[in-house]
Amino acid sequence: MASKFRNTHWLKSNGFAPQIFLFKNLESGQVVYSQTPHITQYQIKQQFFRPNWENRLPSTRRDLWRPMAVLQLESYEKATQAYHALVELRYMRQVSKRKEAEALRKRNEYSQIWYSGQFRPTWSQEATSDLSLVLDELNLKNVKIYWDSLWRKGDDKYWDLKKVKHLEIDNVVGTRERFVVLDEIRKLGLDDFKKLNEQKKVVSEAAASEAAGAQAQATATA
Amino acid sequence: MSRQQLAKFSTCASQLARKSYRISPHIKLRPPILPTVNNIEVKDDHPLWQFFHEKKFIRASDEVRFTGRAWTVPELRRKSFDDLHQLWYVCLKERNKLAREKHIYDEAESMSVGEFDALNEQIRTTMWRIKQVLTEREAAVQNAQAEFNVVGDIYLEKFRNSYLENDNVETDEWFDKLERLQYSIFGIPDILDLSTKVDLKFLEGVKYVGQLKFDKFVKAAGREDIGELRDIAEIYTVFEESATVQGVKDACSKIDEYRESNIIIPGSKEIQVVQGFIDDKIQQSQEDYVTESQTAA
């Protein structure tokens with residue numbers, strides 16, 4: 001399911017909500033974006049452009065990946081657009097604007113990216129920063145972000161709280177049940193999408209009838 | 001299939017070249033967003049606060065400087081088990097707090113660790129002295145039990161004689177003595193509960209105490225017509241009642257009713273029967289409690 005790029009039609013017809021999943025590697029702290037709640041070699045090859053000793057190509061071992069956040073948008077088009085944007089920002093940080101990105105990273109005493117074992121906190125912090133940047137750049141509204149822990153979201157000043165709602169993924173259950181939790185989030189996403197569509201429909205019908213009324217009035221006056 | 005439905009992800013696909021779709025290539029990257037604890041709400045009664053002194057991150061070494069001393073063994077000997085138990089856990093929690101704070105100072109390679117170590121040692125001394133007192137008590141109980149196995153009968157005989165010879169045993173002092181005797185020697189608690197299990201010792205105690213009360217008060221109650229107590233049911237009836245003349249009188253009237261049935265319980269069924277009596281009594285008191293609480297409501 002996650003082994004190739006999925007367009008809006010595919011996502012809609014296969015019961016997915018307009019969501020993007022962020023997964024974090026437990027070992028290295030690296031983050032991968034996915035349109036479905038799965039990680040495959042496709043995402044890893046797509047999002048790691050210049051692997052090196054500090055940013056190694058991670059494995060697809062399922063036990064090492066945990067959901068970090070689920071980004072829910074108001075439509076499938078916006079979701080695919082945001083997904084493209086996140087991957088593109090990843091490309092910028094690793095290739096085209098590498099120096100700019102490296103200047104922003106925390107360094108240790110040897111000017112290496114700060115690490116403890118294989119873990120580098122900068123990857124998840126950059127992913128959070130890219131999320132915030134994408135929402136602002138694409139001017140996305142009615143956004144919900146389900147975080148694994150609200151601690152990860154950072155200060156409120158990085159987010160436009162009128163457009164984004166921050167929620168926490170249910171962590172009462174164990175990690176073995178995380179796919180069940182993600183599935184519940186998917187269902188909530190579908191419900192929200194449906195409600196939003198109905199609201200838009202009502203608003204557009206009201207607008208259409210108003211316009212028709214105004215036109216009729218103008219014709220009568222003429 | 002329309003253009004949008006092509007399963008392609010390509011940054012140079014024509015439909016994605018629209019300016020409004022992609023992010024600007026001149027975008028300024030943002031610095032990484034650091035997580036913050038301000039987003040986390042911790043409830044005031046979270047159990048991990050027990051590792052913090054008054055919810056402070058760390059205490060200065062001045063606050064930890066201890067001018068007192070550890071508890072001595074003679075002082076601890078005067079304390080009850082519950083007090084020692086409480087003191088133990090107070091000491092344990094304080095040592096946990098000190099250990100957490102000391103770890104932070106160690107990480108920072110600070111020289112203020114000495115005060116924490118000193119207080120920790122004082123508390124540890126108190127804790128091993130508590131263990132010392134408990135060990136002494138345990139050894140005393142074991143010695144007493146071992147001695148009782150040898151001279152127990154003599155002790156019980158002496159107690160019985162002093163109880164029978166004393167003019168007034170309907171006092172709190174004698175009630176307490178009887179209660180302590182039946183608990184410490186025979187394991188019969190004052191308050192019965194669901195965990196009370198009848199064994200040979202328990203049975204022996206019921207027989208001893210029941211017979212003692214009967215022998216003491218039967219004459220004063222004017223019920224010498226009862227004669228000898230025939231079986232465990234009669235003995236238990238006397239045992240159950242209070243150690244007073246009225247108590248034995250009430251027991252004797254119950255024995256009269258019981259004797260009308262002409263049942264005599266054999267020795268092999270004694271434990272079973274007494275267990276049954278106790279379970280019935282507990283059930284009855286639970287039902288009474290439920291009825292009372294419903295009436296009160």
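Just so we're on the same page: letters track the sequence lines, and every chain starts at 1. This is a predicted model, so every value here is computed, not measured.
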Kindly indicate whether the side chain of A/Asp136, heavy atoms from C-beta on, has any atom under 4.5 Å from the side chain of B/Arg30. yes

Should A/Leu89 and B/Leu29 count as side-chain neighbours, where that means a heavy-atom distance under 4.5 Å? yes

State, to 0.1 Å, how close B/Pro32 and A/Thr122 come at their nearest heavy-atom pair, and which atoms those are. CG-OG1, 4.1 Å

The single option from A/Met92, A/His84, A/Gln81 passing side-chain contact (heavy atoms from CB on, under 4.5 Å) against B/Ile23: A/Met92

Inter- and intrachain pairs under salt bridge (Lys or Arg N to Asp or Glu O under 4.0 Å), touching residues 8-32 of chain A, at least two apart: none

Mind listing the closest non-hydrogen atom pair of B/Asn39 and A/Trp151 along with its distance? ND2-O, 3.9 Å

Check this for me: B/Arg124, atom CZ, are more than 12 non-hydrogen atoms of other residues, nucleotides or ligands nearer than 6.0 Å? no

Between A/Lys97 and B/Lys28, is any pair of side-chain heavy atoms under 4.5 Å apart? no

Identify which part of A/Thr80 has an atom lying under 4.5 Å from any heavy atom of chain B, answering side chain, backbone, both or neither. both

A/Lys153 side chain vs B/Ile33 backbone, donor-acceptor pair below 3.5 Å: no

Between A/Asp156, A/Asn139, A/Leu133, which residue shows the highest count of heavy-atom pairs closer than 4.5 Å to chain B? A/Leu133

Residue A/Lys165 excluded, over 12 heavy atoms near NZ under 6.0 Å: no

Given the options A/Asp155, A/Leu150, A/Asp130, which has more heavy-atom pairs under 4.5 Å with chain B than any of the others? A/Leu150

The interface call for A/Glu126 against chain B, heavy-atom contacts under 4.5 Å, is both

Side chain, backbone, both or neither: which part of A/Ser96 has a heavy atom under 4.5 Å from chain B? neither

Surrounding CD of B/Glu109 (heavy atoms of other residues, nucleotides or ligands, distance under 6.0 Å), is the total greater than 12? no

Can you establish whether the number of heavy atoms outside A/Lys163 located under 6.0 Å from its atom NZ is more than 12? yes

For B/Lys56, does the NZ atom have more than 12 heavy-atom neighbours from other residues, nucleotides or ligands under 6.0 Å away? yes

